[in-house]
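Computed from heavy atoms alone, side chains included, the values below leave out hydrogens, waters and symmetry copies.
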Amino acid sequence: MVSLKKVLLLFTVVLFAVNPFRLAAEESHAEGHTAGKPSSAEEVNAHIQHHLKDDYFFNFFHNSKTGESFGFPLPVILIDNGLHVFSASEFGHGEKVVEKGGNYYKYYHSKIYKTDAAGTITYDEKGFPSNKKPLDFSITKAVVGLILAAILLFLGFTSLAKTYKNGSNAIPKGIGRVLEPLVLYVRDEMAIPNIGHRYKEFMPYLLSVFFLIFLLNILGLTPLGLNVTGNISVTLCLALFTFIITNFKANKDYWKHIFWMPGVPVPFKFVLAPIEVLGLFTKPFSLMVRLFANITAGHTVVMGLIAVVYLLQHQLTVPGSIGVSMVLTLLLFFLELLVAFLQAFIFTMLSSLFIGMAVEEHAHH
């Protein structure tokens with residue numbers, strides 16, 4: 001039987017979770033009556049687009065009424081006629097021009113451009129900024145997410161490794177009890193079936209990419225607002241690692257089946273070889289786009305459902321909009337938990353499959 005203490009604790013958690021939505025919705029509702037219009041859909045879309053992009057500021061909350069942001073700026077590291085290191089706060093969220101070493105820089109649409117002292121942005125015929133950009137090695141929000149994930153993985157696997165120092169049959173404790181079944185799952189369901197007897201050679205990479213993607217996807221569902229795997233630069237880097245490992249470890253049989261397929265008539269070999277070469281690049285491309293597109297779509301839909309609180313409060317009333325938003329968001333949240341694991345599984349499974357095809361030893365008769 002559920003105790004009264006647990007019921008009160010659950011009620012407190014729900015109350016604190018709902019209260020910010022209620023206050024914000026009531027404030028927006030009152031402003032809508034005052035101004036004669038509800039919250040702008042364009043403003044919601046702009047907020048979603050801003051969340052999906054990388055940023056030089058780690059904001060937890062932004063007050064659109066006062067323009068005040070609550071969070072902290074990140075270090076900006078530029079190489080442009082020398083090394084320039086400074087805080088992103090100097091940009092004033094894009095309102096100020098920063099002068100370093102006689103060069104002027106402006107933060108505009110989540111990117112840093114070189115400008116004049118007035119911060120002039122020029123555009124090409126397609127409407128895109130044509131200003132030059134310095135070499136940017138800044139610690140952005142995505143980099144913070146990667147560092148956080150790396151620290152958590154290091155601590156978790158260090159704890160698991162200490163367990164095995166007590167013997168191969170030692171039972172893991174704490175987070176190790178969660179990690180060990182997943183490690184065995186990657187080994188027994190992905191590495192061994194797809195790669196074969198050489199699976200140990202590639203286990204470090206497969207485990208790294210599986211847990212990194214899985215953890216980053218989970219962090220993307222927290223209030224931290226991280227969207228690391230929704231950044232195509234990150235998915236491109238992961239796909240390139242699979243591409244490089246696959247092709248550098250490939251044996252001669254693999255390359256023979258690409259350029260001079262055995263058992264195929266000679267005229268068709270010249271036709272199929274370009275297609276096989278193209279396949280070398282479409283495989284990592286599919287890995288990159290699949291992960292990026294699924295995570296981006298998930299974040300967009302979740303934030304769109306949260307926006308129901310602000311957009312439909314006049315039709316559903318404030319309590320109604322909060323209820324509908326929370327129910328829909330909660331249902332999608334559990335679906336996104338499944339997607340977080342599924343995307344890590346698919347990326348790792350396909351990587352192991354591509355590697356297995358490259359190192360497979362064919363029997364010649």
Side-chain angles (χ1 to χ4, degrees), residues 146 149-150 153-154 157 160-161 164 168 179-217 229 231-295 341-365:
L146 287 168
L153 289 176
F154 176 79
F157 279 97
L160 182 61
Y164 293 127
S168 58
L179 295 177
E180 186 183 52
L182 292 174
V183 171
L184 296 177
Y185 182 79
V186 172
R187 185 194 68 181
D188 297 339
E189 301 298 330
M190 302 184 203
I192 294 178
N194 292 322
I195 300 176
H197 68 279
R198 292 182 60 183
Y199 77 94
K200 290 184 179 180
E201 186 178 347
F202 304 98
M203 275 295 290
Y205 172 68
L206 296 177
L207 288 175
S208 298
V209 74
F210 175 81
F211 282 100
L212 179 64
I213 294 174
F214 185 39
L215 182 56
L216 288 175
N217 291 346
T229 44
N231 187 321
I232 199 166
S233 299
V234 175
T235 60
L236 170 63
C237 184
L238 293 173
L240 281 177
F241 273 110
T242 296
F243 175 77
I244 292 171
I245 292 173
T246 299
N247 291 284
F248 272 80
K249 288 292 184 177
N251 56 33
K252 61 181 181 180
D253 289 329
Y254 175 76
W255 295 112
K256 185 176 181 180
H257 278 74
I258 290 177
F259 292 103
W260 202 253
M261 294 70 68
V264 177
V266 173
F268 289 102
K269 291 181 179 182
F270 291 101
V271 176
L272 294 177
I275 299 175
E276 292 291 336
V277 172
L278 182 62
L280 293 177
F281 300 96
T282 56
K283 291 173 184 176
F285 181 79
S286 67
L287 289 177
M288 174 189 71
V289 173
R290 181 184 289 106
L291 179 58
F292 162 75
N294 280 279
I295 299 303
F341 172 80
L342 190 61
Q343 289 304 314
F345 166 79
I346 292 174
F347 194 101
T348 310
M349 173 64 80
L350 290 177
S351 294
S352 65
L353 181 62
F354 298 155
I355 294 172
M357 293 168 60
V359 302
E360 180 183 5
E361 297 177 0
H362 298 272
H364 300 284
H365 301 283

message: Please report the interatomic distance CG(L287) to OG1(T348), rounded to the nearest 0.5 Å.
response: 9.5 Å

message: Run the side chain to side chain contact (heavy atoms under 4.5 Å, CB included) test against A250 and tell me which residues pass, sequence neighbours left out.
response: Y254, W255, A358

- request: Check ring-ring contact (aromatic ring centres under 6.0 Å, His included) between F281 and all other residues, then give those that pass, not counting sequence neighbours.
  value: F243

task: State which residues pass side chain to side chain contact (heavy atoms under 4.5 Å, CB included) with P265; sequence neighbours excluded, sorted by chain then number.
output: P267, F268

- request: Nearest 0.5 Å please: distance from the CG atom of L280 over to the CD1 atom of I258.
  value: 4.0 Å

Nearest atoms (heavy-atom pairs only) where S233 meets N231: N-OD1, 2.9 Å

query: Which residues pass the ring-ring contact (aromatic ring centres under 6.0 Å, His included) test with F292, sequence neighbours left out?
result: none

message: Test of understanding: with side-chain hydrogen bond (donor to acceptor under 3.5 Å, both in side chains), list the residues that count as partners of Y199, not counting sequence neighbours.
response: none

- request: Grab the two heavy atoms, one from T246 and one from F354, that are nearest each other, plus how far apart they are.
  value: CG2-O, 3.6 Å

task: Over 60° means perpendicular and under 30° means parallel, so classify the ring planes of F211 and F157, tilted if in between.
output: perpendicular

field: Partners passing ring-ring contact (aromatic ring centres under 6.0 Å, His included) against F214 (at least two apart in sequence or in another chain)
entry: F341

Sequence neighbours excluded and cut-off under 3.5 Å, please list the side-chain donor-acceptor pairs for residues 188-196, or say none.
unit_1, atom_1, unit_2, atom_2, d
N194, ND2, M190, O, 3.1
N194, ND2, S352, OG, 3.0

message: Looking at every non-hydrogen atom in both residues, tell me the closest pair between A239 and P284 and how far apart they are.
response: CB-O, 3.3 Å

- prompt: Which residue pairs pass the salt bridge (charged side-chain N to carboxylate O under 4.0 Å, His left out) test with at least one member in residues 233-252, sequence neighbours excluded?
  reply: E201-K249

task: Please examine the side chains of E360 and D253, heavy atoms only from C-beta on, and report whether any two atoms are closer than 4.5 Å.
output: no

statement: The reported gap from CG in L146 to CG in L212 (rounded to nearest 0.5 angstrom) is 6.5 Å

- request: Return the minimal non-hydrogen interatomic distance between A344 and N217, and the atom names on each side.
  value: N-ND2, 4.4 Å

By side-chain hydrogen bond (donor to acceptor under 3.5 Å, both in side chains) - contacts of T235 (at least two apart): none

query: Residues two or more places apart in sequence or in another chain: which of them pass side chain to side chain contact (heavy atoms under 4.5 Å, CB included) with I346?
result: R290, L342, Q343, L350

- request: Carefully, step by step, assess L206 and F210 under the rule side-chain contact (heavy atoms from CB on, under 4.5 Å).
  value: CA-CA 6 Å; L206 296 177; F210 175 81; over 6 Å; no

query: Rounded to the nearest 0.5 Å, how far apart are CD1 of I245 and CG of L240?
result: 11.0 Å

field: Distance-minimising heavy-atom pair for T229 and L216
entry: CG2-CB, 3.9 Å

field: Heavy-atom check, side chain of Y185 versus side chain of P181, under 4.5 Å
entry: no

message: F270: which residues meet the ring-ring contact (aromatic ring centres under 6.0 Å, His included) condition with it, sequence neighbours left out?
response: W260

